[in-house]
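So the structure is just underneath, and the comments pick up after that.
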Amino acid sequence: MDPDTVTAEISTFSFLYALLLLPFLVILKHIFLKPPPLPPGPYPWPIIGNLLQMGKNPHAKLANLAKLHGPLMSLRLGTQLMVVASSPAAAMEALKTHDRALSGRYISSSVPVKNPKLNHLSIVFAKDCNTNWKNLRAICRMELFSGKAMESQVELRERKVTELVEFLATKEGEVVKVMDLVFTTICNMLSNKFFSMDLCDFEDEGRVGGALKDLIHKNAEFGATPNLSDYYPILGGLDIQGINKKSKEMFERIPTTWEDILKERRTQRSNRSSHRDFLEALLEIGFEDDQINQVILELFSAGAETSSLTVEWAMAELIRNQDAMDKLRGELRQIVGESPVRESHLPHLPYLQACVKEALRLHPPAPLLLPHLAAETCQVMGYTIPKDSQIFVNIWAMARDPKIWDDPLSFKPERFLDSKLDFKGNDFEYIPFGAGRRICPGLALGGRQVPLILATFVHLFGWSLPGNMDSAQLDMEEWLVITLRKEQPLRLVPSVRK
Ligand code: HEM
């Protein structure tokens with residue numbers, strides 16, 4: 001037989017064999033190479049899924065559900081799949097092993113992403129870790145958070161704390177709201193670094209300061225409110241809760257908050273003095289107004305409330321735990337003596353650092369971190385996390401887990417004294433600033449301004465609860481709503497310590 005004919009017959013046979021085998025191969029692939037299932041979770045009801053199981057304090061609800069369903073759990077909120085990591089191992093998988101796939105940002109429909117530029121203007125709302133996001137983080141690191149930048153702001157932070165002390169001295173015997181005082185101080189630390197001026201005032205809300213506080217509070221409130229448009233995109237246009245409309249109005253108000261400063265700076269740039277603040281640095285790079293507005297709003301929003309809440313919680317815990325308060329005062333007396341607390345004292349105050357760490361453990365300002373987004377499908381701990389799932393890490397649940405912490409619900413700063421645990425994103429049982437690519441870029445600043453203000457409060461003032469309220473009435477459970485405890489801020493009465 002002609003060799004060409006033989007070859008042609010063999011090819012035809014092979015083709016026919018392959019054709020016959022194909023269905024078997026497909027069946028085998030389905031049996032043996034089936035993608036792993038979704039992480040376990042509570043039964044999702046038709047249409048609503050697990051929405052009814054969420055409620056007001058989702059971190060607490062999710063902590064309870066994780067006890068039943070395990071450290072990697074999935075829930076369905078309407079059409080949206082949510083995956084929650086609630087153990088150090090699961091957190092490490094999400095934020096380290098699969099950091100690249102899971103470090104997108106889930107953006108609620110209340111954020112007006114219709115602005116197509118937002119993905120390229122924003123750090124917090126950058127949907128992926130794109131080049132602009134990297135550049136923005138690098139600019140912030142260089143101008144604000146590097147060792148050198150932090151050192152150049154020491155005098156500014158200490159000056160703002162001195163003003164806080166002077167104000168508090170005039171309030172002796174009166175009831176003050178701790179959160180408001182700290183918030184004003186931190187806002188002014190930031191606004192001086194950004195614009196070389198105060199934007200907030202302790203007494204008078206002022207035009208800019210009042211509007212800015214309102215903007216920051218609203219920003220957090222919208223972020224924390226579950227939005228039905230996220231779970232049923234089909235309802236997006238209806239905006240049943242009105243959140244999208246209010247949020248859009250809020251974003252439009254941003255420019256008016258500091259537009260005069262920006263306008264003036266642009267017109268007077270040629271005769272600026274040698275003083276270079278953050279705004280000047282952004283103008284030098286050639287940033288447009290909308291870029292400047294977005295980055296500054298995000299830094300105010302992410303930096304002011306988180307740090308103020310941490311000081312407020314630490315003060316509340318110290319009032320309830322007088323032993324810890326006495327120990328902290330003893331340390332301050334010994335190391336700082338009669339003088340005001342300076343940043344140079346901070347590395348020599350281990351008990352103070354332990355109090356801040358313990359406040360951040362029990363009361364992390366972002367108990368579920370910020371929502372991440374799965375940029376691609378990946379397999380984690382034997383389960384599939386589909387692309388576009390919303391990813392949360394429940395650090396609040398981890399902080400209350402008796403398998404991780406001894407006596408987890410008690411405020412015991414001592415637990416950090418002989419421990420190397422730190423919040424820099426390497427110890428996954430303790431990540432109040434997050435970990436991986438999306439770790440908080442303001443960690444170094446937060447880690448300085450919080451202990452400085454707390455130490456000043458404790459060193460220079462005595463504190464009592466108003467009227468005949470006693471510390472047992474500081475009901476911590478009532479305070480679970482971490483963002484914006486407007487209804488129940490901590491009120492205390494200062495007295496100058498002799
Ligand atoms: C006690 C103080 C603070 C705490 C506990 C804190 C915590 C956090 C957490 C948990 C995240 C989310 C991480 C994630 O997505 O996984 C975050 C993000 C962020 N924080 Fe902080 N933060 C604090 C202070 C600050 C300060 C002082 C600034 C700046 C002035 C700041 C700026 C930011 C920004 C811009 C992001 C978004 C990062 C990104 O998406 O890439 N934070 N922070």
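As the structure lists them, so they are numbered: ligands from 1, and atoms in each ligand from 1. Residue indices begin at 1 and follow the sequence shown. Predicted, not measured: the structure shown is a model, and the values here were computed from it.
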Would a distance-only check, ignoring hydrogens and angles, find a side-chain to backbone donor-acceptor pair under 3.5 Å from Arg415 to Asp407? yes
Looking only at side chains, do Glu163 and Thr185 share a donor and an acceptor under 3.5 Å apart? no
Determine, stepwise, if the pair Glu414 / Lys327 fulfils salt bridge (charged side-chain N to carboxylate O under 4.0 Å, His left out). CA-CA 10 Å; Glu414 290 72 15; Lys327 273 191 202 164; 2.6 Å; yes
Regarding atom 30 (C) of ligand 1: of the candidates Leu368, Leu299, Leu370, which has the closest heavy atom? Leu299
What donor-acceptor contacts under 3.5 angstrom involve side-chain atoms of residues 419-427, with partners at least two apart or in another chain?
{"from": "Ser419", "atom 1": "OG", "to": "Leu421", "atom 2": "N", "distance (Å)": "2.9"}
{"from": "Asp427", "atom 1": "OD2", "to": "Asp422", "atom 2": "N", "distance (Å)": "2.9"}

Under 4.0 Å, counting heavy atoms only: does Trp133 come that close to any atom of ligand 1? yes
What do you reckon, does Glu298 put a non-hydrogen atom under 4.0 Å from ligand 1? no
May I ask you to check whether Asn130 and Asp128 show a side-chain donor-acceptor distance below 3.5 Å? yes
Is there at least one pair of N or O atoms, one from Arg137 and one from ligand 1, spaced under 3.5 Å apart? yes
Leu369 neighbourhood, listing ligand 1 atoms whose heavy-atom distance to it stays under 4.0 Å: 10 (C), 16 (O)
Is it the case that ligand 1 has an N or O less than 3.5 angstrom from some N or O of Gln449? no
For ligand 1, is any non-hydrogen atom under 4.0 Å from Phe300's backbone (N, CA, C, O), its side chain (CB onward), both, or neither? neither
If I apply the N/O under 3.5 Å rule, does His372 come out as touching ligand 1? yes
Find out whether the Lys NZ or Arg CZ of Arg361 is both under 6.0 angstrom from the six-membered ring centre of Trp405 and within 45° of the ring's axis. yes
Taking the six-membered ring for Trp, is the centroid-to-centroid distance between Phe392 and Tyr106 below 6.0 Å? no
Could you check Phe194 against Phe300 for ring-ring contact (aromatic ring centres under 6.0 Å, His included), going step by step and ending with a plain yes or no? CA-CA 10 Å; Phe194 298 162; Phe300 270 127; 5.1 Å; yes
Consider only side-chain N and O atoms of Glu317 and His363, and report whether a donor and an acceptor are under 3.5 Å apart. yes
Phe416 and Tyr351: CA distance, side-chain angles, deciding distance, ring-ring contact (aromatic ring centres under 6.0 Å, His included) verdict: CA-CA 9 Å; Phe416 285 102; Tyr351 199 75; over 10 Å; no
Considering both backbone and side-chain atoms of Arg438, is one of its nitrogen or oxygen atoms within less than 3.5 Å of a nitrogen or oxygen in ligand 1? yes
For atom 21 (Fe) of ligand 1, which protein N/O/S atoms are closer than 2.8 Å? Cys440 SG
